[in-house]
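First the structure, in the form of C-alpha cells, and then the observations on it.
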Amino acid sequence: MALDQSFVGRSYPPTEPYEVGREKIREFAEAVGDTNPAYTDPEAAKALGHADVIAPPTFVFTITFKAAGQVVQDPQLGLDYSRVVHGDQKFVHRRPVRAGDRLTVTSTIEAIKSLAGNDILDIRGEVHDEAGEHVVTAWTKLVSRAAEGA
Amino acid sequence: MTAKISYDDVEVGTELPAQTFGVTRATLVRYAGASGDFNPIHWNEKFAKEVGLPDVIAHGMFTMAEAVRVVTDWTGDPGAVVEYGVRFTKPVVVPNDDQGATIEVSGKVAAKLDDNTVRVDLVAMSAGQKVLGMSRAVVRLA
C-alpha cells in the first residue's frame with residue numbers, strides 16, 4: 001500500500017547524544033580492514049590537523065541508521081520493514097567525525113514515492129555535535145519492495 | 001586537512017590506484033558487530049534464500065566503506081572526504097568458502113571543483129557486475 005504523502009517534511013525529535021569512542025572507531029576500521037593510522041593513532045591524526053582520531057567516512061551511518069529507526073518503525077507511517085532494501089546513501093561532511101564527539105541526529109522524511117508498487121522513502125539525518133555545530137548530513141534512500149503478486 | 005595529493009598535480013582523467021578487497025563470511029560477521037547491522041541476510045544463508053536472494057550478501061555499507069578506501073589511501077587524510085554518495089545496484093554475493101567474494105574498485109578524477117576539491121568517480125565490481133552506481137566522492141586536495 002502506498003505510504004501517506006502527508007509524512008513528507010516530517011521531522012523526528014533529536015536522538016540522545018551518541019558518544020564516539022576511540023575504541024569504537026578502531027573496531028569499525030578493523031572490520032573494514034582499513035589500517036589508515038588516522039583512525040587509531042591520535043598522533044597521526046593530529047599530524048593531519050585533527051583534534052583526535054577520526055572515523056572512516058561511512059562510520060556515521062551506524063548512528064544515523066539507528067536514528068532512522070524512529071521513521072521506519074513509526075507505526076503511523078506503516079512501512080513494511082521486512083521488505084526494505086538500501087537504495088542509495090550519501091554523506092556530506094562539514095568536518096570528519098572524531099573521538100570524543102557527542103552526536104545527535106535529527107531525522108526528516110524528505111520524500112515518499114511509489115514506483116511500480118515499491119515504496120521509496122528518502123530520509124535526511126542531520127548530525128550535530130554537543131556545541132550544536134553541524135558535522136555531517138546523511139541521506140538514506142530505502143526501498144520497500146512490492147509484495148509478490150501485489 | 002593535509003592531503004598528500006596536490007590539486008595542481010591532478011587533471012580530469014587522472015586515475016587513482018585501483019584496489020581489490022576480499023570479503024568472506026567472517027568479514028561480514030565482524031562488520032555486523034562493528035556496525036550494529038545484524039540483518040540475517042548478511043550471515044544466515046537459509047534466511048537469505050527464503051527472501052529471494054541467491055546466497056548471503058555483503059552489507060551495502062561494507063561495500064561503500066571499502067570503495068572509498070581508493071580515495072582515502074590516495075589522499076592519505078580520510079578527513080579530506082567532504083562528500084560521498086553511492087547507489088546500491090547489485091548485491092555482493094558471498095559464498096560460504098575460504099575465498100568468499102572480491103570487490104574491485106577503480107576511480108578517476110571526473111571534475112576539478114572550487115576550493116581545491118575534485119570529484120572522483122568510482123567503479124566497484126564483484127563477479128563481473130557493477131555493484132555500486134553513481135559512486136562519487138568529493139575530496140579536498142592540498
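Heavy atoms only: backbone and side chains are in, while hydrogens, waters and symmetry mates are out. Naming: A, B, ... by sequence-line order, numbering from 1 per chain.
Taking both residues in full, the closest heavy atoms of B:Val51 and A:Arg145 are given as O-NH1, 4.1 Å, listed atom of the first, atom of the second, then distance. Of all the heavy atoms in A:Ile54 and B:Gly79, the pair that sits closest is CD1-N, 3.4 Å.
For residues 25-38 of chain A, a heavy-atom distance under 4.5 Å to chain B picks out A:Glu27, A:Phe28, A:Glu30, A:Ala31, A:Val32, A:Gly33, A:Asp34, A:Asn36, A:Ala38, given by residue number. Below 4.5 Å, heavy atoms of chain A meet heavy atoms from B:Thr27, B:Arg30, B:Tyr31, B:Gly33, B:Ala34, B:Ser35, all part of residues 22-45 of chain B. Against chain A, no residue from residues 103-110 of chain B qualifies, as none has a non-hydrogen atom under 4.5 angstrom away.
How far NZ of A:Lys141 is from CZ of B:Arg87: 6.5 Å, rounded to the nearest 0.5 Å.
Taking hydrophobic clusters as Ile, Leu, Val, Met, Phe, Trp and Tyr residues chained together by side-chain heavy-atom distances below 4.5 Å, A:Leu115 does not share a cluster with A:Ile109. Hydrophobic clustering (ILVMFWY, side-chain heavy atoms < 4.5 Å, transitive): A:Val72 and B:Phe88 are in one cluster. B:Val70 and B:Val118 end up in the same hydrophobic cluster when Ile, Leu, Val, Met, Phe, Trp and Tyr side chains are linked at under 4.5 Å.
For chain A, the nearby part of B:Val68 is the side chain; its heavy atoms alone come within less than 4.5 Å. Contact of A:Lys66 with chain B is not made at all, since no heavy-atom distance falls under 4.5 Å. If you measure heavy-atom distances from B:Thr72 to chain A, the contacts under 4.5 Å come from both the backbone and the side chain. The part of A:Pro57 that comes within reach of chain B is its side chain, from C-beta onward, which places non-hydrogen atoms under 4.5 angstrom from that chain. Interface remark: A:Tyr39 contributes side-chain atoms only to the contact with chain B (heavy atom separation under 4.5 Å).
Between A:His93 and B:Tyr84, the closest side-chain pair of non-hydrogen atoms is not below 4.5 Å.
Legend: residues meeting ring pair (Phe, Tyr, Trp, His ring centres under 6.0 Å) with A:Phe65, ordered by chain and number and at least two apart, are A:Phe61.
Sparse packing is recorded around NZ of B:Lys90, with 12 or fewer heavy atoms of other residues, nucleotides or ligands lying under 6.0 Å away.
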